[in-house]
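Counting convention: from 1, in listed order, for ligands and their atoms alike.
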Amino acid sequence: MSRFVHVAAAQLGPIQRSDSRRDVVARLLAHLHHAHEMGCHLVVFPELALTTFFPRWYMEDPEELNAFYEREMPGPETRILFDTAARLGIGFYLGYAELAVEQGVERRYNTAILVGRDGKIVGKYRKVHLPGHDQHEPWRAFQHLEKRYFEPGDDFGVWQAFGGVMGMALCNDRRWSETYRVMGLQGAEMILLGYNTPVHNPPAPEHDDLSMFHNHLVMQAGAYQNGTWVVGVAKAGKEEGCEMIGGTSIIAPSGEIVAACSTKGDELAIARCDLDLCQSYKSTTFNFDRHRRPEAYGRITSQRGATPPQPVAA
Ligand code: ING
């Protein structure tokens, strides 16, 4: 019997710095209710879905910075999301800035959680690939200080939930094939990921016109090459003067986009996802156990940067 997950990709338009947690949670609740009306089981929100994308600014005041993080999840302002999820029987993926205290030390992560239809946390993921830089770079039109404001996570996990094997990732993770493969090697059937992607990439402005193409390219490739569904959800639109791409999509294991948002505001894209479609790829073209050659892949984990051959003397 097919295992269907009714998924709502819940794109958010801009969140301005002046928008309170209460303002934003009201928007998330509206998405939960609309998704429930449409018969959905799972709602996927973007990366950093509770605040504006604050790594775009250089901040020195710790208190100013800490205001963007959640010290508890659920906390006083987010508890209603969990209670509503349980009442409606609808789970969700939520990206947020996490401030954790580990062995008495404050740690800051770019985090996502998966919450089941009972309103309980199933799993937590901390962003592995932190893009950008860690020092103030005034030449940029805007900063991208994720390497300064977050510590990296160190693993890609999967969880049994919603009738299948669910994985999580965040934003820049989607550009790295290793992200999908590590979860594919754990049998992932649906990978959820939120993103905040500016149209303009200061170090490479020549890529700006291709930002949407690259967004879909990497998620479609990751889905096909690992026989998994991929749900990519944007925080989109002009946020504090910075234009961010939309392109929210639900992508089948074939690599085809089966549902997408067409605006840059709060919008739901919905699909009835058959998890059994994954097997059509996992048991044939991407039958890892039959076809992969790990003995040839050593460089992938033994080195970080590329090492081209020494030039041959002319
Ligand atoms: N944002 C961007 C992303 O990977 C970026 C950073 C933009 C990298 C454009 C490369 C090109 O989509 C986050 N938050 O990772």
Side-chain angles (χ1 to χ4, degrees), residues 9 11-15 17 44-59 65 68-70 93-98 108-113 125-135 137 139-154 156 167-180 191-223 230-249 251 260-261 264 305:
Q11 177 177 288
L12 289 177
I15 297 178
R17 186 166 190 160
V44 184
F45 292 118
E47 171 191 39
L48 295 178
L50 296 172
T51 65
T52 196
F53 185 76
F54 62 89
R56 66 167 64 92
W57 297 304
Y58 176 69
M59 290 173 270
L65 182 61
F68 293 103
Y69 293 80
E70 308 304 316
Y93 160 110
L94 179 74
Y96 65 96
E98 176 190 11
R108 292 170 177 77
Y109 300 100
N110 189 340
T111 296
I113 52 170
Y125 166 71
R126 289 160 168 173
K127 188 173 182 178
V128 167
H129 297 97
L130 296 172
H133 48 105
D134 61 1
Q135 298 302 313
E137 296 182 2
W139 61 270
R140 292 170 177 259
F142 47 84
Q143 305 297 296
H144 198 114
L145 287 161
E146 290 195 62
K147 291 185 192 295
R148 183 183 185 89
Y149 295 152
F150 303 118
E151 293 182 55
D154 51 20
F156 297 103
M168 291 191 275
L170 278 158
C171 204
N172 194 254
D173 289 324
R174 76 190 188 285
R175 299 182 192 274
W176 302 94
S177 60
E178 293 87 345
T179 297
Y180 305 92
I191 292 173
L192 314 176
L193 63 92
Y195 58 87
N196 288 217
T197 300
V199 170
H200 174 51
N201 184 23
E206 66 274 21
H207 301 170
D208 292 3
D209 291 345
L210 293 169
S211 56
M212 189 60 81
F213 168 70
H214 289 153
N215 176 49
H216 289 140
L217 175 68
V218 293
M219 295 194 291
Q220 288 179 268
V230 171
V231 183
V233 182
K235 168 123 69 60
K238 191 157 195 165
E239 190 176 82
E240 294 296 332
C242 178
E243 191 65 42
M244 302 210 288
I245 69 169
T248 294
S249 304
I251 298 163
C261 289
K264 296 187 83 169

Atom 11 (C) of ligand 1 [closest protein heavy-atom partner, distance rounded to 0.1 Å]
Asn201 ND2, 3.5 Å

Can you check ring pair (Phe, Tyr, Trp, His ring centres under 6.0 Å) on Phe53 and Tyr149, steps first, answer last?
CA-CA 11 Å; Phe53 185 76; Tyr149 295 152; 9.5 Å; no

Where ligand 1 meets Glu146 - atom numbers and elements under 4.0 angstrom, heavy-atom basis
13 (C), 14 (N), 15 (O)

Counting from 1, what ligand 1 atoms have a heavy atom of Phe53 closer than 4.0 Å?
14 (N)

Counting only nitrogen or oxygen atoms and a 3.5 angstrom limit, does Arg174 reach ligand 1?
yes

Between Gln135 and His133, is any side-chain donor less than 3.5 angstrom from a side-chain acceptor?
no

With a cutoff of 4.0 Å, is His144 in contact with ligand 1, counting heavy atoms of the residue only?
yes

Closer than 4.0 angstrom, basic N to acidic O: yes or no for Glu151 and Arg126?
no

Atoms in ligand 1 with a heavy atom of Arg175 nearer than 4.0 Å
3 (C), 4 (O), 7 (C), 8 (C), 9 (C), 10 (C), 11 (C), 12 (O)

Return yes when atom CH2 of Trp57 has more than 12 non-hydrogen atoms of other residues, nucleotides or ligands closer than 6.0 Å, and no otherwise.
yes

Starting at CE of Met59, measure out to CG of Leu145 and round the result to the nearest 0.5 Å.
8.0 Å

What is the distance from atom CD1 of Ile15 to atom CG of Asn196, rounded to the nearest 0.5 Å?
8.0 Å

Which residue and atom name correspond to the protein heavy atom nearest atom 12 (O) of ligand 1, and how close is it?
Thr197 OG1, 2.6 Å

Looking at OH of Tyr125 and OG1 of Thr111, how far apart are the two atoms once the value is rounded to the nearest 0.5 Å?
9.5 Å

Just need the protein heavy atom nearest to atom 1 (N) of ligand 1, so name the residue and atom and give the distance.
Asn196 O, 3.1 Å

To the nearest 0.5 Å, how far apart are CG in Leu48 and SG in Cys171?
8.5 Å

Can you name the atoms of ligand 1, numbered from 1 with element, that are less than 4.0 Å from a heavy atom of Cys171?
1 (N), 2 (C), 3 (C), 12 (O), 13 (C), 14 (N), 15 (O)

List every atom of ligand 1 that sits less than 4.0 Å from any heavy atom of Glu47, numbering the atoms from 1 in the order shown and giving each element.
14 (N)

What part of Lys235, side chain from CB on, backbone N/CA/C/O, both or neither, has a heavy atom under 4.0 Å from ligand 1?
neither

